[in-house]
Amino acid sequence: MSTGFGKGSHLHLIDGSAFIFRAYHALPPLSRKSDGLPIGAVSGFCNMLQRYVENNSGKDAPTHIAVIFDKGSHTFRNDLYDQYKANREAMPEDLRPQIPLTRRATEAFNIACKELEGYEADDIIATLACQAREAGGSVTIVSSDKDLMQLVGDGVVMYDAMKNRVIDRDGVFEKFGVYPESVVDVQALAGDSVDNVPGAPGIGVKTAAQLLGEFGTLEELLDRAEEIKQPKRRQTLIEKRDQIELSKKLVQLDCETPLDFTLDDLEHTDPDPGTLLGFLKEMEFRTLTKRIADAFGVEAPVIPDTTPQGANPPADNGPSVADIPFEPASYDCVRDVEALKTWIAQAHELGYVAVDTETTSLNEMTAELVGVSLSVEAGKAAYIPLGHRSQGGDDLFGGAELAEGQIKLDEALALLKPLLEDPAVMKIGQNMKYDAKVLARYGIDIAPIDDTMLLSYAMNAGLHSHGMDALSERYLSHSPIPIKEVIGSGKSQITFDLVPIDEATKYAAEDADITLRLWQIFKPQLHQAKVTRVYEGMERPLVPVLADMERAGIKVDRDTLSRMSNAFSQKMAGLEAEIHEMAGQPFNVGSPKQLGEILFDKMGFEGGKKGKTGAYATGADVLEDLATEHELPRRVLDWRQLSKLKSTYTDALQEHINAETGRVHTSYSIAGANTGRLASTDPNLQNIPVRTEEGRRIREAFIAEQGKVLVSLDYSQIELRILAHIAGIDALKQAFREGQDIHAATASEMFNVPLDEMTPDVRRQAKAINFGVIYGISGFGLARNLRIPRAEAQGFIDRYFERFPGIRTYMDETTEFAKKHSRVETLFGRVIHTPEIAAKGPRAGFAKRAAINAPIQGTAADIIRRAMIRMPDAIAKLPATMLLQVHDELLFEVEEGAVDELIAAARDVMENAADPVVKLDVPLVVDAGQGANWAEAH
DNA sequence: CCTGTCACG
DNA sequence: GACGTACGTGACAGGG
């Protein structure tokens, strides 16, 4: 029945990109259950196609149909004008992989799918519409894009699928005030801020339509521009003639696109049921598969239910998980292989399982696995003891023997490994990084995971902490068995392997039970809280990245530390003697209480202030002031510095060197800091000294292995850059774009000092103000920091606000937002709750400054998180390991020959880490350093 | 266990 | 007009 395209034929042209974006934004970010592939836009796209075909199956059904896509970002318009579509936001990361799938979907529906490199979809649509019109057929363009309106008329109409409205010549007139043949002229004059078409400044659609009504065509208008009465308008049209003519070329669609197919190739035929249903099955679209199978009158293919619900708990019908009682006695203790297999099968069937590990220590690097607990349903959990020992073993070596009635560790792990690594089963944990690290040491790479701690953090940062006990109390009204009751505390504390198995079961299974229940509460709330992308993009993917960094650790040279400790001891002893001599009596220099009494009571210094405990304040700022009057306070300051360096660093770090690896392994808490920053503990490697020469030498003990180098990359002024972007401070943005010294530039702007006459002191003051702004500046705080009178500090601040009024606006708007919503947000959508903002009294001040700071600090934290998540792939082929993060710095260990390559690759990731979600107005700049130790690298 | 102090960004 | 004040962390020592 193929007769070729001609009179009576009806061509439908669907704007594919419009369909995709509408589908993407209309739906929550769904993902394919079996492997987490993002699929929301594809799902919406298929639904829209299906509905479209259904609605157009009557006698007006199209004889020919095609979906047209854009291809490539560079078109002939970019050659005309390099700014064309330059400020278009980049495609969201989770949409990109879905684009090819929409092509496949189109083909599966047996609809022609067309695109052409170097041309926009609009040009292909224009060319096809012209051809169809000439052949005597009619055309419906399915799109609401105003750029396509120039094509309407002579048998061509547009159809807005969203509003279910046909746009004909009158519809175009309604929109533009002119008929289709003049649309291009209107657009050339009015320009388009979305596509970055310049147009004529100051002329919009209304004025353009009016001018064209008067002069007829754009060319006529430009030739006779002198006749225009309004002086401003006349001047614009004369001066900007080139720009307007360029704009016309940009908006004019190309009807001569070189196509490698003809209209006849677009003939619409019914899809092949097998192909279409096969595709839908592969995408795991259950509802749509069934609907289309019904329409074909065939059996719907079975999408195996053994593939997991995985990512989400089943819809909640029964009693709330918080209402199901906790019954420790009901927990299953799994002591044989058959029972274990039953539990594993249940997990496979459901597609999710809560997992918790019990170990001999909180240190994941040395902890030995003692047992694993699982839960698949609220109130239903199992504990699998694997390494329990009978208490008080009485053999000669005092070692306890493995208790009876446990599956052999190897055997159990061999059974658990396929489950824990099965991409089709979601493993749910509370602080999964811990379990992942322990299991990694037993050869199990647990994935995919959900983490209740991180779910809570993504939704509730700032509201409460995210430890399991706190979450259980708050959301389940249940106090878990305290670990103290199981293993004791203090001197009589035992390790978990010595806990009797019955008791261990109650404790361990309860943890898995609680974790599962929390997940069932939290996971469905994620989308509503609008933090799905935060959780899936910036929290969860960080878990394996940090686990690897922590397991890698950094090499620390014990001898270097030990020598420093000795040197510090000697110096301190000398200082202590001098201090006692000056004080006229011996006392504990390390006791602020005793020191305060010596200073203010015995020696009679003025201005002693007592705190709420009744002790004198003896902080560094106090001693610094007293140091002008007497030598003793300076000695105490020196002593304190050495004492700090010794106790916290040179002594303590040695204790943290792992006997097996010879390295120090910190632990990062992902959900510790409210702003999104990480925190480092045991030991804290984010506060290794650097500001004083003496302290910085401690970094010489952090070294690279033989043949390797430490490389440090850090963001330059990232928070100030973010401030410039968020608050929209043009002067700061400009300074950053030009690579200026930002503090000097600020000083120059504030104090009217030319850059080449800048003194270090003026620059220092400007620097203090810049940082003060980030922290929610106050006259008092700046005065104290700069040690200047408060009035003077306030004067600086006033002048700063005067010169950079955007800052004041940002602070006011942020405070308002916080008051209104009780939260603030980062550029990437991270939510930080600010419950205290409503408080009265001094707490309100704290809350306000925290609210001002959080979006800035938090956005910086988001950016480096994104960089860290991308880093493993980016450096996969290099002999390099990412070791540490210090808020704006990443430290790597690299083989000597690959340093330059590593720097290039890592810098690229870091400098572009905001893309494509946020387009910053300022460049991100990363500085790099390298050396045999951290002091050299930094 | 809390407080003061001080190390970092 | 008074009241306290820079933001975010973690570790250690002293002292109850």
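Note that the structure is predicted; figures quoted are calculated from it, not measured.
Taking the centre and axis of the six-membered ring of F846(A), the NZ or CZ atom of R849(A) falls inside the cone set by 45° and 6.0 Å.
Within the nucleic acid shown, A860(A) has no heavy atom closer than 4.0 Å to any nucleic acid atom. Heavy atoms of A768(A) sit under 4.0 angstrom from at least one base atom. Here S680(A) lies in heavy-atom contact (under 4.0 Å) with sugar-phosphate atoms only. Across all strands shown, R790(A) has heavy atoms under 4.0 Å from base atoms, whether or not it also approaches the sugar-phosphate. Using a 4.0 Å heavy-atom distance criterion, S647(A) is classed as a sugar-phosphate-only contact. Contacts of G776(A) with the nucleic acid, taken as non-hydrogen atoms under 4.0 Å apart, are absent. Nucleic acid contact for F846(A): sugar-phosphate only, since backbone atoms but no base atoms lie under 4.0 Å from a heavy atom of the residue.
One distance of note links CZ of R865(A) with CD of Q885(A); it measures 8.5 Å at 0.5 Å rounding.
For DNA chain C, the contact window with chain A, defined by any atom under 4.0 Å from a protein heavy atom, covers dG4(C) to dG15(C) in 5' to 3' order.
Here the shortest heavy-atom pairing between I579(A) and R635(A) reads CG1-CB, 3.6 Å. Here the closest non-hydrogen pair linking R699(A) and I688(A) is NH2-O, 2.7 Å.
No salt bridge links E578(A) with R634(A); every basic N to acidic carboxylate O contact stays at or beyond 4.0 Å. With salt bridges taken as basic N to acidic carboxylate O contacts below 4.0 Å, none links K555(A) and E893(A).
If you take atom C1' in dG4(C) and the same atom in dA7(B), they sit 26 Å apart, rounded to whole Å. Using atom C1' as the reference point in both dC3(C) and dC6(B), the two lie 27 Å apart (nearest Å). Taking atom P in both dT5(C) and dG4(B), one finds a spacing of 12 Å when rounded to whole Å.
Side-chain contact, Q570(A) with N566(A): no donor N or O sits under 3.5 Å from an acceptor N or O. Between the side chains of S591(A) and N588(A), not a single donor N or O lies within less than 3.5 Å of an accepting N or O. Side-chain contact, N770(A) with Y800(A): a donor N or O sits under 3.5 Å from an acceptor N or O.
Listed by residue number, there are no residues of residues 811-832 of chain A with a heavy-atom contact under 4.0 Å to DNA chain C.
Not a single donor-acceptor pair under 3.5 Å links the side chain of E473(A) to the backbone N or O of S479(A).
Helical stems in DNA chain C, defined as runs of 3 or more consecutive Watson-Crick or G-U wobble pairs with both donor-acceptor distances under 3.5 Å, are listed by first residue as B:1-9 with C:7-15.
Y457(A) and H466(A) have perpendicular rings, their planes meeting at more than 60° on a 0 to 90° scale where under 30° would count as parallel.
Among residues two or more places apart in sequence or in another chain, the ring-ring contact (aromatic ring centres under 6.0 Å, His included) test is passed with Y616(A) by F600(A). Remark: R907(A) engages no residue in a side-chain hydrogen bond (donor to acceptor under 3.5 Å, both in side chains) (not counting sequence neighbours).
For the side chain to side chain contact (heavy atoms under 4.5 Å, CB included) test with T666(A), the passing option among L685(A), N684(A), I554(A) is L685(A); the others fail.
Mapping D682(A) and I777(A) onto DNA chain C by nearest heavy atom places I777(A) closer to the 5' end of the strand.
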Quick one, give me the B/S/- string for nucleotides 3-9 of chain B, reading 5' to 3', where B means a protein heavy atom under 4.0 Å from the base and S means that only happens at the primed atoms, P, OP1 or OP2. S-SBBBB

